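Pasting a structure here, questions to come.
Whatever order the structure lists them in is the order used to number ligands and atoms, beginning at 1. If you're wondering where the values come from, they're calculated on a predicted model, not measured in any experiment. Sequence positions, counted from 1, serve as the residue numbers for this chain.
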Amino acid sequence: MTEHTTIVVSTEGRVGKIQLDRPKALNALNQTLMEEVVSAAVAFDADPDIGSILILGSDKAFAAGADIKEMAHQDYPSMYASDWFRRWEDLTELRIPIVAAVKGYALGGGCELAMMADIIVAGESAKFGQPEINLGVIPGMGGSQRLTRSVGKAKAMDMVLTGRHIGAEEAERIGLVSRVVPDEQANPVAEEVAELIAAKSKPAAQMAKEAVAASFETTLQQGIRLERRLFHSLFALADQAEGMSAFAEKRGPEWTHR
Ligand SMILES: CC(C)=CC(=O)SCCNC(=O)CCNC(=O)[C@H](O)C(C)(C)COP(=O)(O)OP(=O)(O)OC[C@H]1O[C@@H](n2cnc3c(N)ncnc32)[C@H](O)[C@@H]1OP(=O)(O)O
């Protein structure tokens, strides 16, 4: 098992878990943490025995943003040369579904990391925001794009231009999170969701994710055609035959993930 300094990585059945573990800095996302999270997630994605990834924060913060102290002394040449934050995009290229449990602050990069997940389960204490404007900058991990696609221009402009935080209830109302639960339920419910997904046919779950994710990038017509082609392709797999036979035979399916 690889040693990590800013995260704890474990597996529970078919779920790969990544726990952000810089509580003293409210899980501020420094370069080390970014590399550790993305490497662990990429490894889970490549593991045939893993069907979903669960990302957890701590009680006070999912993550209070990119590490301001680390960025404070950067300049344009170093930011541009290193393509600062680009590595996070590798997380969005993963094929297995990602579930995030958010309690407390999910600000700036923390909100952007949560939005890289496919499903966000929020505890009642969750506070989402894109406060980069207060630091004299703008979102840099996809916030201006993913937030707008999730919640629309009106709310995205409001959050990005004012930097205001929104609570869990508003986040659910505007479509930023999938569910809100009492704080003590956030991790267990997110884990249940991740387990439920991991127990499905893996190729079907991956293609379902691919189809929904494509709607962010394609025209309606292109997306519908992609969905239909993916749907057709599932008929090449044993799991389609098994799923439909199991239904007809009134039993649970036994997926082989093939
Ligand atoms: C720039 C781009 C593209 C992306 C970004 O994500 S920029 C960062 C956006 N996030 C923020 O601006 C939030 C910054 N944090 C806060 O405003 C506050 O910490 C708080 C409101 C989240 C919580 O306030 P509280 O008074 O409860 O706690 P603090 O004493 O302020 O924080 C505890 C501890 O954590 C350090 N911390 C918090 N956030 C960050 C951060 N984003 N980067 C680095 N360090 C952070 C904070 O400095 C303090 O540590 P020390 O006691 O050692 O100073």
Inset, instruction - Answer yes or no: is there a donor N or O on one side and an acceptor on the other, between the side chain of E132 and the main chain of V137, under 3.5 Å? - result: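 No.
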Legend entry - With F231 via ring pair (Phe, Tyr, Trp, His ring centres under 6.0 Å) - residues at least two apart: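 Here the qualifying residues are F235.
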Report all N/O contacts between ligand 1 and the protein shorter than 3.5 Å as a table of atom names and distances to 0.1 Å; if there are none, say 'none'.
from: ligand 1; atom 1: 6 (O); to: A66; atom 2: N; distance (Å): 2.7
from: ligand 1; atom 1: 6 (O); to: G109; atom 2: N; distance (Å): 2.8
from: ligand 1; atom 1: 10 (N); to: A64; atom 2: O; distance (Å): 2.9
from: ligand 1; atom 1: 27 (O); to: K60; atom 2: NZ; distance (Å): 2.6
from: ligand 1; atom 1: 35 (O); to: K24; atom 2: O; distance (Å): 3.4
from: ligand 1; atom 1: 42 (N); to: A64; atom 2: O; distance (Å): 3.1
from: ligand 1; atom 1: 42 (N); to: A66; atom 2: O; distance (Å): 3.0
from: ligand 1; atom 1: 43 (N); to: I68; atom 2: N; distance (Å): 2.9
from: ligand 1; atom 1: 48 (O); to: K69; atom 2: NZ; distance (Å): 2.9
from: ligand 1; atom 1: 50 (O); to: K69; atom 2: NZ; distance (Å): 3.4
from: ligand 1; atom 1: 53 (O); to: K69; atom 2: NZ; distance (Å): 3.4
from: ligand 1; atom 1: 54 (O); to: K69; atom 2: NZ; distance (Å): 3.1

Inset, instruction - Please answer whether the main-chain N or O of H4 pairs with a side-chain N or O of E36 as donor and acceptor at a distance below 3.5 Å. - result: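 Judged by distance alone, no pair lies under 3.5 Å.
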Legend entry - Pairs involving residues 47-78, ordered by first then second residue, that meet ring pair (Phe, Tyr, Trp, His ring centres under 6.0 Å) (sequence neighbours left out):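 Pairs touching residues 47-78 that pass the test: Y76-Y80.
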Please list every donor-acceptor pair under 3.5 Å in which a side-chain atom of residues 193-207 meets a protein atom from a residue at least two apart or in another chain.
from: S201; atom 1: OG; to: D239; atom 2: OD2; distance (Å): 2.7
from: K202; atom 1: NZ; to: D47; atom 2: O; distance (Å): 3.0
from: K202; atom 1: NZ; to: I50; atom 2: O; distance (Å): 2.8

Legend entry - Under 3.5 Å side-chain donor-acceptor pair for E249 and S245: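 Side-chain D/A pair, E249 to S245: absent.
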